[in-house]
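Structure, as structure tokens:
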Amino acid sequence: MVYIIVVYDMQADRTRLMLNFLRRYLTHVQNSVFEGEVTEGDLETIRNHVQTTLKPDESTIIYRVGSEKYVDRTVVGDDPTDESRFL
């Protein structure tokens, strides 16, 4: 397993394409930002989908981290990954 952070910048009317796709694999933490643990196969699927979905002047950055324990994550305000918020 590998921990990744995905940040994308797309035309406003097209962001839903990436949003819906990435929700299958990762946790949506902010507008255009996802994070979570995936398999190497899932990471390759994500990369392929991103490459085929993006148009000129759009971009996606995938940060690959060996493990979530290597991420120093500080949240100011409500943490969107806090599962206790959900019933």
Side-chain angles (χ1 to χ4, degrees):
M1 298 291 276
V2 62
Y3 191 83
I4 62 172
I5 300 167
V6 178
V7 181
Y8 62 92
D9 184 15
M10 299 176 73
Q11 297 172 18
D13 62 334
R14 293 175 29 80
T15 58
R16 182 125 340 258
L17 295 171
M18 197 67 72
L19 175 78
N20 290 336
F21 173 76
L22 291 174
R23 277 188 172 155
R24 296 182 208 163
Y25 300 94
L26 301 164
T27 302
H28 186 207
V29 294
Q30 279 193 345
N31 291 342
S32 304
V33 180
F34 284 79
E35 65 182 42
E37 209 169 43
V38 295
T39 65
E40 291 288 343
D42 288 341
L43 178 55
E44 189 62 28
T45 299
I46 292 167
R47 284 182 178 150
N48 289 337
H49 180 80
V50 165
Q51 288 177 342
T52 60
T53 303
L54 292 180
K55 289 188 172 184
D57 297 326
E58 297 180 338
S59 64
T60 298
I61 302 170
I62 301 173
Y63 296 94
R64 179 186 172 134
V65 184
S67 168
E68 185 176 4
K69 69 181 178 180
Y70 297 116
V71 176
D72 182 12
R73 185 176 185 275
T74 302
V75 177
V76 178
D78 292 333
D79 186 350
T81 63
D82 181 9
E83 294 182 20
S84 67
R85 296 180 319 129
F86 303 104
L87 298 177

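Note that the CG atom of Leu43 and the OH atom of Tyr3 stand 14.0 Å from one another [nearest 0.5 Å]. Put simply, CD on Glu35 and OH on Tyr63 are 13.0 Å apart, with the number rounded to the nearest 0.5 Å.
Open room surrounds CG on Asp57; 12 or fewer heavy atoms of other groups in view lie less than 6.0 Å from it. Asn31 CG: 12 or fewer foreign heavy atoms inside a 6.0 Å radius.
Scanning all heavy atoms of the two residues, the minimum distance from Glu58 to Thr53 falls at OE1-O, 4.2 Å. Minimum heavy-atom separation, Asp42 to Thr39: N-OG1, 3.0 Å.
With a 4.5 Å cut-off on side-chain heavy atoms, Leu54 and Met10 count as touching. At least one side-chain heavy atom of Val50 sits under 4.5 Å from a side-chain heavy atom of Met18. Side chains of Tyr25 and Ile4 form no contact here, defined as non-hydrogen atoms less than 4.5 Å apart.
Using a 4.5 Å cut-off between side-chain heavy atoms of Ile, Leu, Val, Met, Phe, Trp and Tyr, with links allowed through other members, Ile5 and Ile61 fall into the same hydrophobic cluster. Hydrophobic clustering (side-chain heavy atoms under 4.5 Å, transitive across Ile, Leu, Val, Met, Phe, Trp, Tyr) keeps Val6 apart from Met1. Hydrophobic clustering (ILVMFWY, side-chain heavy atoms < 4.5 Å, transitive): Tyr8 and Val38 are in one cluster.
For residues 42-62, the ring-ring contact (aromatic ring centres under 6.0 Å, His included) pairs, not counting sequence neighbours, are Phe21-His49.
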Exercise for the section: Just do the side-chain contact (heavy atoms from CB on, under 4.5 Å) check on Glu40 and Val2 with the steps written out, would you? Expected result: CA-CA 7 Å; Glu40 291 288 343; Val2 62; 4.3 Å; yes
